[in-house]
Amino acid sequence: MFPRGFAWGAATAAYQIEGGWQADGKGASIWDTFCQEPGRVFRDQSASVSCNSYELWEEDLQCIQQLGLTHYRLSLSWPRLLPDGTTQNVNQKGVQYYNKVIDDLCACGISPMVTLYHFDLPQALQDQGGWKSPAIAATFGSYARFCFQTFGDRVKLWITINEPYICSKLGHEDGIHAPGLQEPGTTAYLVGHNMLQAHAMAWHSYNTLYRAEQGGMISLAINSDWLEPLRPGCTEDIAATERCLAFTLGWFAWPVFVTGDYPEIMRRAIDAQSKKQAYDGDSRLPTFSKEEPAVLGTADFFALNYYTSRKIRAGCGTGGISMKGDQDVEEVLDPSWPISGVSWLAVVPCGLRNLLRYIKNTFNSPVVYITENGFAQVGKLQMEDVQRSEFYRDTIQEVGKAIQEDRVDVRGYFAWSLLDNFEWADSYSVRFGLFHVDFADTKLSRTIYRSGKDYAKIISKNKCMGKT
Ligand code: NOJ
């Protein structure tokens, strides 16, 4: 079912697995700071040590090999490389660490996919306004150029920013992710805008300075649920579903893939609400100016993080000045969908196929990489995690159908995650790994779950079939 050269991967992120939070000259990130504030994270835990991949990378490599992955998605810790966020001060130990990781992967025939930003902004930049400040785009641009220059001879798949939606909303609207700001209805839009600018700067740099020599591809990882109207024939629910898609997937995908601007539905809704609320300024949603780098066309492929689906019903206009108020929709879980360990993650493998078809039709048949998809366990952990194993089997089957029957150009699939790790505000209580990590033991030993073994079988079967 899968084409030759299909990327079979697993993904991780620096803050979630590395530990070594103060090792060898690393600077602090906003997550280091956030975890120190009581009440922010489950049991006030942090990822100061986590899986200690900073010291135990070779064990991770063994896990990667045991799965038979062709690709591994990792992220670079910006403050490990540039402790104050700027290229004026490079931490050579950080460079050495990632050089080793990338070299080891290449030596084993595993292609790295590298994310530049996965939620861990240098605290020094947060102190200057962080993602709220328009200056961040140029600073990110320099960081990106530094990474292309340093690692781009070996890295051919780049992600600039992971889940700008989550960074903007959870970090600046809801305040449940670092930097913990609760400024509803305004800051998330500003942060999202600056993230698009930052992404565009990085893409343009790659395109003009590095593409010819390095020949890689670069995109941003967009997360989206699959959404369907709760009452299929109801016009209000159909409109609400379109609105919700525009505010999530469309917020970042529309400017990059379709028009260079926000989706019309989003623009209209926020402008109207801003006017009604006598907002001091035109609209709470920023506008793209001619002085900013063009955002349209700044992705060489569509990078999708998919986890779950929702039914949507029209809201009742009571959301106030907030993203929720602007969208005016209610999300509902279909009672027939099984729930994984975490309440937000209903198991809906066919939602991925639907979303892939939607992406093909809406964004002009792009090349797609599924950069994350996974299933969580909570409570008593099962090493025989049959439900997760079935989740992967069924979801991968849906990807196969999207390729074969719907002709979606999917080139790779990355399971989240290689290892149990620090699941942000839920810390170690929520486990996404294909390998169990024993956080109570100083060795932090990694043990493959049943789902890991089964994923390895799927990979080996399909890799062989791809060759014939
Ligand atoms: C997406 C994020 O990129 C990742 O960091 C997180 O752990 C997973 N979702 C699971 O919630």
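The residues of the chain are indexed from 1 along the displayed sequence. Whatever order the structure lists them in is the order used to number ligands and atoms, beginning at 1.
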Any side-chain donor paired with an acceptor under 3.5 Å for Tyr392 and Asn373?
-> no
Between Glu18 and Ser53, is any side-chain donor less than 3.5 angstrom from a side-chain acceptor?
-> no
Using a strict cut-off of under 4.0 Å between a residue heavy atom and any atom of ligand 1, list the qualifying protein residues by chain and number.
-> Gln16, His118, Asn162, Glu163, Tyr307, Trp344, Glu372, Trp416, Glu423, Trp424, Phe432
When Tyr15, Phe422, Trp416, Trp31 are each screened for ring pair (Phe, Tyr, Trp, His ring centres under 6.0 Å) with His118, the one that passes is Trp416
Pairing residues for Tyr413 by the ring-ring contact (aromatic ring centres under 6.0 Å, His included) criterion, not counting sequence neighbours | none
Do Asp120 and Ser29 have side-chain atoms, one donor and one acceptor, less than 3.5 Å apart?
-> no
Report the residue from Ile359, Leu355, Asn354 that forms a side chain to side chain contact (heavy atoms under 4.5 Å, CB included) with Arg357.
-> Asn354
